[in-house]
Amino acid sequence: MQCEGIQVNGLLQKYAQIVGEEVVDHLRQLAEPLRGLKVVHVNSTREGGGVAEILSWLVPLKNELGIHTEWEVVTGSQEFYQCTKGFHNALQGNRVEIPGSLLRAYEGANEENADRLRSSLEEADVVFIHDPQPAPLLRLCSGRRGKWIWRCHIDLSRPYRPVWKYLRGFVEGYDASVWSLAQFAQPLPHPLYLIAPSIDPLSEKNRELTPDEVLGVAVRFGLDPKRTAITQISRFDRFKDPVGVIRAYRLCKEYTPLQLVLAGGGATDDPEGEQVLREVRTAAGDDPHIHVLLLPADSHREINALQRFSQIVVQKSTREGFGLTVTEAMWKGKPVIGGDVGGIRLQVVNHHTGFLVNSPEGAALRIRYLLKHREHMLEMGRKARQFVRNNFLLTRHLREYLTLVHAIRHEERERIELNGLQSGL
Ligand code: UDP
């Protein structure tokens, strides 16, 4: 079925080969009444981390659907990033007292960003503000004419209350908020939507690679093509527990020859990365089979290859908003051994698409089990890929975002038409 008046160009059509024509047609139908709207997304980094990863496909696809979509990034001083990293740690449960001077830097940086972005944001029909960094922009754009949505990507199930109380003051005024998991959602005086993240199966990070491409990358990083590889890809962040992964590896390597890859770069909005990287290097010591790789921000093909090269992917986080690295590995047919937290639980169906673990010892046990039961390992990998195909590809995500925009723009109406039935037979 073809929608009348809808420009079909290449980008979206490519996904039809993976998810089917009907799914892509449905997206076009949903987007048709939204054509010409102006939507702006605001976050705090263009590279590194899951939010940037999502916006880099979401923005072009919405534009292709005729929705004028822009992506703005707020920036600030070192104190601003120190403050927002403190928020991140506190919202995910650490007891972090944030000094008043840092809070002033946070508010000041938002004022400066508001001066730069105000006219664009005030005239937009819909504004998506991602995470706490740009949250105060709403208050600073008093002439806004559109709907504003706060998109929270982090695990807010057990926040450190004083910090959440402070931030809640900035997010209460939004027209709606979006969360990855029901457990994360905090009471707020507006509608709360649940939308899980997703990956782009055709991006450089996830597209198919030839065995030679995979091998080429592995050899370039000094990996041994004959040795079993376990990999964790992550920013160097304590919540990702890279040191715990090293412990798990050490518990396994007594029984079987292994190599461990811990690969990640910094996100521009994460000031703690260097310190955590030092801790990881110290923990790795001089073990020649531990490869700590500091990757530049555009290493998408390299990450793709490392995930494909590995027999097992680990994501041993102790807090995790969603964990796109889990989705990425599962899409490549890898079983994932993941921390039993946050969005990892949504993806790793314990004993089916991988294993959920609570300690380095648990991770080691599961790694050893999978390496002993290769058939089961491959079977889990197959199920993992299917699970992502059914649930975590960008077409589902885009459909939910479009539905949300319909709902938020017409919330006073009794009836919202979402079916987009076509008359042109
Ligand atoms: N990533 C990357 N380079 C790195 C580390 C991570 O491109 O050095 C990507 C990774 O492949 C994934 C995203 O950044 O797409 C991380 O998202 P996730 O939800 O796993 O964690 P976050 O960093 O957002 O906490």
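Atoms within each ligand, like the ligands themselves, are counted from 1 in listed order.
- Looking only at atom types and distance, the side chain of Y160 has a donor-acceptor partner in the side chain of E97 under 3.5 Å away.
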Exercise for the section: Begin with the C-alpha distance, continue with both residues' side-chain angles, and end with the deciding distance and a verdict on side chain to side chain donor-acceptor pair (under 3.5 Å) for T325 and Q315. Expected result: CA-CA 8 Å; T325 50; Q315 188 57 58; 2.8 Å; yes
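- The atoms of ligand 1 that sit less than 4.0 Å from any heavy atom of E328 are 10 (C), 11 (O), 12 (C), 15 (O).
- The six-membered or imidazole ring of Y81 lies away from that of F87, with a centre-to-centre distance of 6.0 Å or more.
- For ligand 1, the polar-atom distance check finds an N/O of R235 within less than 3.5 Å of one of the ligand's N/O atoms.
- A heavy-atom separation below 4.0 Å is found between K240 and ligand 1.
- Contact atoms of ligand 1 toward K205: 2 (C), 7 (O), 9 (C), 10 (C), 11 (O), 15 (O) (distance under 4.0 Å to a heavy atom of the residue).
- Of all atoms in ligand 1, listed by their number and element, those nearer than 4.0 Å to a heavy atom of G265 are 4 (C), 8 (O).
- No close placement of the H190 and W148 rings is indicated, their centers lying 6.0 Å or farther apart.
- In terms of N/O distances under 3.5 Å, ligand 1 is approached by G50.
- Looking at E47 against ligand 1, nothing comes within 4.0 Å, counting heavy atoms.
- Those atoms of ligand 1 with a heavy atom of G323 less than 4.0 angstrom away are 19 (O), 20 (O).
- Not close to ligand 1: G48, with no non-hydrogen atom less than 4.0 angstrom away.
- The G264 neighbourhood of ligand 1 comprises atoms 4 (C), 8 (O), with distances under 4.0 Å to a heavy atom of that residue.
- Residues D155 and S157 have side chains that bring a donor and an acceptor to within less than 3.5 angstrom of each other.
- Close contacts of ligand 1 with T325, meaning ligand atoms under 4.0 Å from a residue heavy atom, involve 10 (C), 12 (C), 20 (O).
- If you look at F170 and Y166, their ring centroids are closer than 6.0 Å.
- Taking the six-membered ring for Trp and the full ring otherwise, Y249 and H289 have centroids separated by 6.0 Å or more.
- For residues 86-96, the side chain to side chain donor-acceptor pair (under 3.5 Å) pairs, not counting sequence neighbours, are N89-E272.
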